[in-house]
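Before any comments, here is the structure.
Chain A is the first sequence line, chain B the second, and so forth, proteins listed ahead of strands; every chain is numbered from 1.
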There are 2 protein chains.
Amino acid sequence: MFDFRQLRYFVTVAEELSFTRAAQRLYISQPPLSQQIQSLENDLGVRLLERNKRNVSLTEPGKLFLDQARQILDKAEEARALMADAATGFSGKLRLAYTVSVTFHPALPQMLLRYRRFAPQVNLMLSEMYTEQQYAALLSGDLDVGFVRDEPEHPGTARNIRLDVIDREPLVLALPTNHPLAARESIWLREVAMEAFVVQPRELAATLYDRLAQIAAKANFHPLIRQHAQQINGLLVLVAAGMGLALVPASMRSVNLNGVKYLRLEDPDAYMLLALASRADDTSPVLQRFLNVMTEPE
Amino acid sequence: MFDFRQLRYFVTVAEELSFTRAAQRLYISQPPLSQQIQSLENDLGVRLLERNKRNVSLTEPGKLFLDQARQILDKAEEARALMADAATGFSGKLRLAYTVSVTFHPALPQMLLRYRRFAPQVNLMLSEMYTEQQYAALLSGDLDVGFVRDEPEHPGTARNIRLDVIDREPLVLALPTNHPLAARESIWLREVAMEAFVVQPRELAATLYDRLAQIAAKANFHPLIRQHAQQINGLLVLVAAGMGLALVPASMRSVNLNGVKYLRLEDPDAYMLLALASRADDTSPVLQRFLNVMTEPE
DNA sequence: ACTACTTATACGAAATACGTATTAAAGCCC
DNA sequence: GGGCTTTAATACGTATTTCGTATAAGTAGT
């Protein structure tokens, strides 16, 4: 089988129409060049160059092969360039997930836009998933990175998940506008200790569930859970309907639902982290590049 | 720069997902396979395969490169196949010319058709040329092969022209229907020794011109030339107009011009050869194959 | 006819690839 | 859990390939 070297040699000779000049351009001596061309012709079973001791010209098959050789070399160079991009995380694909609550975070669209400008060749595949679903998908290899609301100290189920915190967001209390405390600006959670709460199931959003329990525990009460909703915006509907109060990230304020008021919480632990979850052993350049871009300040 | 071998090795490992099995399929031992893959990864600057001492898997860049490598190998194989065709004269291009008189030969279309069925990948470029024009074009490299009416003994101008005779055709005498001898079936040229003749200029069709002179000389007369025509069918128009008689190949009988009658010539030298002209030093497989097909009996 | 130039051949040296032997590490089996 | 098997990586000597120097052979121009 012929060789990339032989192709390069042949193209050079075909361009120069001289073995001597081609050898100079290739920084080799003339005899090995003759040998390689002979070997190539031998291998193909066709005479590519007509040499009559004085000048060199392309045979008809040689013209055909020159075209082919150039195409092959170009394709190889293209593949090399693609790999150079892949090595630095500028090409490839990235399967990205996010929880519903993240879609209300104002920074998400602009961060994704920034990344796209940075690495436009990366094929982004977005999907919406619950936090626990993301962890499972990461570990099974169906997902590369996910936006979650979790803490590095207790990452959901598995220990093979890496979390990079990219934002710390206050929690707010969502309550019906006809609630006695609705006129207030801020509140301590203990002031609504006797009220009912609506939450997401712990299996789907453990962190927010546990955070409510934790703040309540510090205030020496155990929250009464009356209703559940699968999605976080479903909670707000339940709040508007007067089914209870809800603890949600501050970015949910952007959801202007009739009958819902948001109060700042004074409790020091009333915050939530926005983090990027990925497999701890995933060294993919695309992922590393993505994490870099997302965690860098500007 | 990486190598075709390394690409083949990589593709095999990627297919088997095992260095050991891949090495067996490639009929080499496992260590050099590991070395070549390492060298390839080193060259590209990317880890293509993830090996964790128990199983091998493709990295994301590896998946991209597998696709690229397959494309490159396919392209190389394609080029090799094209050259195999070119070597046996089944692909390439062939610039072919013919004189006007040849277009009336009944065998020409069917021979070209046969060749096209035989080597459909060859790009045929046809053009009409005078015999001498063909010789000049052959020598200057503008033409590959031409249909001419000439004799191997005196091929026009140059000695670097090869002639392959493919047909020997009788000459006939074209004369006006109102001519006294028009009722005859055959004739000796000496019977019209005193008549005027119309011919093509000697610079354009030397053979036919010289042949007339030769037959006349054997009959001890020198033909009187009254008119000239550039093309052979132009001669027939002149004959119909009563401007003189003409000597033409028998295949011109297919031209049923009003006022023209064709008589068989009894003279033993009244024949003409149809031949293929090509450069004697042209070893192009396409040409050789064409000459073979044209000169073979069937 | 001689010189200058170009490609092909001969042969020894350097670089490269391969194979055998061995190591290291991980999963499997008892 | 310890030994066994399997798998990829490393070490090193050998074989192959490729390269360079020297030389030959042939052509065009002076």
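- Arg95(A) contributes no side-chain N or O that, together with a main-chain N or O of Lys93(A), makes up a donor-acceptor pair within less than 3.5 Å.
- Arg47(A) pairs by the side-chain hydrogen bond (donor to acceptor under 3.5 Å, both in side chains) definition with nothing, not counting sequence neighbours.
- Annotation: ring-ring contact (aromatic ring centres under 6.0 Å, His included) contacts of Phe4(A) (sequence neighbours excluded): Phe2(B), Phe4(B).
- Using a 4.0 Å cut-off, no side-chain N or O of Gln38(B) falls inside it from OP1 or OP2 of dA8(D).
- Following rounding to the nearest Å, Ile37(B) (CD1) and dT7(D) (C1') show an atom-to-atom distance of 15 Å.
- Using a 4.0 Å cutoff on non-hydrogen atoms, the parts of residues 15-23 of chain A near DNA chain C are Ser18(A), Phe19(A), Thr20(A), ordered by number.
- OP1 or OP2 of dA9(D) sits under 4.0 Å from a side-chain N or O of Arg51(B).
- Remark: Glu77(B) pairs with Arg80(B) by the salt bridge (Lys or Arg N to Asp or Glu O under 4.0 Å) rule, at least two apart or across chains.
- The separation between Leu26(A) atom CG and dG20(D) atom P is 10 Å, rounded to whole Å.
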Verdict with supporting geometry, Val11(A) and Arg70(A), side chain to side chain contact (heavy atoms under 4.5 Å, CB included) | CA-CA 7 Å; Val11(A) 170; Arg70(A) 284 205 176 111; 4.1 Å; yes

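- Contact annotation: Ser34(A) side-chain N/O to dA8(C) OP1/OP2 distance is under 4.0 Å.
- Atom CG of Leu40(B) and atom P of dA8(D) are 17 Å apart (whole Å).
- Asn55(A) has its CG atom 12 Å from the C1' atom of dT7(C), to the nearest Å.
- When each of Gln36(B), Gln38(B), Gln30(B) is tested with Ser34(B) by the rule side-chain hydrogen bond (donor to acceptor under 3.5 Å, both in side chains), just one qualifies, namely Gln30(B).
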Which atoms of nucleotides 17-21 of chain C (N or O only) lie under 3.5 Å from a protein N or O atom, and what are those distances?
from: dA17(C); atom 1: O3'; to: Arg5(B); atom 2: NH1; distance (Å): 3.1
from: dC18(C); atom 1: OP1; to: Arg5(B); atom 2: NH1; distance (Å): 3.3
from: dC18(C); atom 1: OP1; to: Tyr9(B); atom 2: OH; distance (Å): 2.9
from: dC18(C); atom 1: OP2; to: Gln36(B); atom 2: NE2; distance (Å): 3.3
from: dG19(C); atom 1: OP2; to: Ser29(B); atom 2: N; distance (Å): 2.9
from: dG19(C); atom 1: OP2; to: Ser29(B); atom 2: OG; distance (Å): 3.2

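- The nearest whole Å value for the distance from the CD atom in Glu50(A) to the C1' atom in dT6(C) is 15 Å.
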Expected list for residues 82-91 of chain B: side-chain donor-acceptor pairs under 3.5 angstrom, two or more places apart:
from: Asp85(B); atom 1: OD2; to: Gln121(B); atom 2: NE2; distance (Å): 3.1
from: Thr88(B); atom 1: OG1; to: Ala84(B); atom 2: O; distance (Å): 2.9
from: Thr88(B); atom 1: OG1; to: Asp85(B); atom 2: O; distance (Å): 3.1

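- Between Phe65(B) and Leu7(B) the shortest side-chain heavy-atom distance falls below 4.5 Å.
- Side-chain N or O atoms of Gln133(B) include none that pairs as donor or acceptor with a backbone N or O of Leu204(B) at under 3.5 Å.
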